[in-house]
Amino acid sequence: MNLKPHERIIVALDGLGLDGSLDTIDELTPYAGVFKVGFDLITRQKADIVAAYAAGKDAKAFWDSKLFDIPNTVGDAAATLAAMPSVGMFNVHCFGGSNMMRAARQAVDEVCLGGSAPSILGVTILTSFDYAQLFQMGLLPPLTEKQRGQDNGKSAIEVMIGGLVLRLAVLAKNCGLDGVIASPKEIRSIRQACGSDFLIVTPGVRPEWAAANDQKRVMTPGEAIAAGADYLVIGRPILKPPPEIGSRVKAAQLILDEIAEAMSTMQS
Ligand code: C5P
């Protein structure tokens with residue numbers, strides 16, 4: 001994707017309310033091309049206001065809808081989102097299955113008729129899922145004695161979860177989705193399997209100067225771009241920067257510089 005550095009930054013408008021979200025868009029529009037509206041704004045019925053405001057500033061809104069239902073219902077919701085000019089991207093759960101993902105694709109295509117359409121992204125596996133939960137749900141097999149014997153099964157679990165994420169990403173691509181949300185450690189394998197046009201949107205991004213907070217497997221913005229991410233979802237490092245950084249604008253500018261540097265290294 002031929003994106004400028006600032007177009008690759010998606011600011012997560014988490015816990016800001018309506019006024020805080022609009023102020024954040026005003027403050028950060030020169031440094032970020034996309035603003036993510038999530039369940040908080042959606043359930044307060046403020047998401048459309050925020051999305052339209054971002055669109056008015058020449059930014060995109062990522063509607064973090066995480067759709068997951070029967071194909072007909074998801075198709076209807078996707079059609080509604082596709083009819084909103086301010087929605088630049090939205091997401092569905094890959095676990096909804098191939099018929100559901102295809103229904104979302106078809107609905108968007110029918111509404112947009114080859115014109116500008118929102119990107120549909122697949123959520124593969126939420127990073128909050130660990131092996132125990134995936135096993136409980138029957139999505140991963142039991143660990144063998146041998147696997148347990150080596151590092152308590154840690155590396156076998158990494159391989160299994162990575163394999164499941166990759167499988168879901170390939171399925172999403174085959175169902176016509178435009179891309180997936182993936183944690184930093186899965187970027188390379190998805191890029192390799194799904195090709196250069198498939199969008200990879202990556203949360204869990206932390207500059208060297210930022211706290212990891214509750215994110216477990218982080219990469220710096222430069223590393224994530226070098227690994228093949230198109231977009232980086234960033235919340236707290238920009239919204240609550242450490243005191244030594246000083247301001248949200250400064251934090252965003254530092255991240256922007258890091259992305260630009262990674263891009264120029266890749267081109268040279
Ligand atoms: O503050 P932070 O940079 O950790 O915010 C990351 C954003 O990305 C949050 O909105 C979070 O919900 C979202 N996200 C994530 N991990 C996922 C999917 C989404 O952190 N696997």
Side-chain angles (χ1 to χ4, degrees), residues 8-17 20-21 24-25 28 31-44 46-47 50-51 54 60-68 88-96 119-131 133-134 139 158 161-162 164-166 168-169 172 177 179-187 189-190 199-225 227 229-242 245 248 251-252 254-256 258-259:
R8 295 174 180 272
I9 298 182
I10 302 179
V11 175
L13 297 172
D14 291 331
L16 298 172
S21 298
T24 302
I25 294 170
L28 296 176
Y31 308 94
V34 189
F35 293 88
K36 179 169 88 73
V37 299
F39 288 146
D40 183 35
L41 288 166
I42 293 170
T43 48
R44 287 174 199 272
K46 303 291 185 221
V50 174
K60 283 196 211 173
F62 169 16
W63 201 283
D64 194 5
S65 46
K66 295 196 177 75
L67 302 176
F68 186 165
M89 39 178 90
F90 71 91
N91 53 11
V92 303
H93 272 284
C94 297
F95 276 127
S119 301
I120 313 175
L121 304 169
V123 178
T124 54
I125 299 182
L126 295 172
T127 41
S128 52
F129 280 149
D130 56 11
Y131 169 76
Q133 292 183 84
L134 294 165
L139 294 165
E158 291 241 326
I161 295 180
L164 192 50
V165 169
L166 191 58
L168 291 167
L177 264 53
V180 285
I181 323 283
S183 84
K185 63 190 263 291
E186 277 116 23
I187 300 171
S189 58
I190 294 174
L199 299 176
I200 302 179
V201 177
T202 306
V205 175
R206 288 291 181 270
E208 298 282 359
W209 43 262
N213 312 114
D214 49 1
Q215 297 286 7
K216 297 279 183 289
R217 296 180 298 256
V218 297
M219 265 191 192
T220 66
E223 286 166 348
I225 292 292
D230 295 294
Y231 293 94
L232 310 180
V233 183
I234 305 176
R236 286 161 291 183
I238 292 178
L239 299 177
K240 294 179 182 163
I245 299 299
R248 303 201 296 188
L254 287 172
I255 292 172
L256 200 54
E258 198 177 322
I259 292 173

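Basis for what follows: all heavy atoms, side chains included, without hydrogens, waters or symmetry-related copies. Ligands are counted one by one from 1 in listed order, and the atoms in each one are counted from 1 as well.
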If you compare all heavy atoms of Gly20 against all heavy atoms of Thr24, which two are closest, and at what distance to 0.1 Å? O-OG1, 2.6 Å

Could you tell me the separation between the OG atom of Ser119 and the CG atom of Asp230, rounded to the nearest 0.5 Å? 9.5 Å

Pair Arg236, Asp214 - check salt bridge (Lys or Arg N to Asp or Glu O under 4.0 Å), show working. CA-CA 11 Å; Arg236 286 161 291 183; Asp214 49 1; 2.6 Å; yes

Taken to the nearest 0.5 Å, the spacing of Phe95 CZ from Thr124 OG1 works out to 8.0 Å

Rounding to 0.5 Å, atoms CE (Met89) and CG (Leu121) come to a distance of 6.0 Å

Ligand 1: protein residues within heavy-atom distance under 4.0 Å: Ala12, Asp14, Lys36, Thr127, Pro203, Arg206, Gln215, Val233, Ile234, Gly235, Arg236, Pro237

Residues pairing under side-chain hydrogen bond (donor to acceptor under 3.5 Å, both in side chains) where one sits in residues 200-209, two or more places apart or in two chains, turn out to be Arg206-Asn213

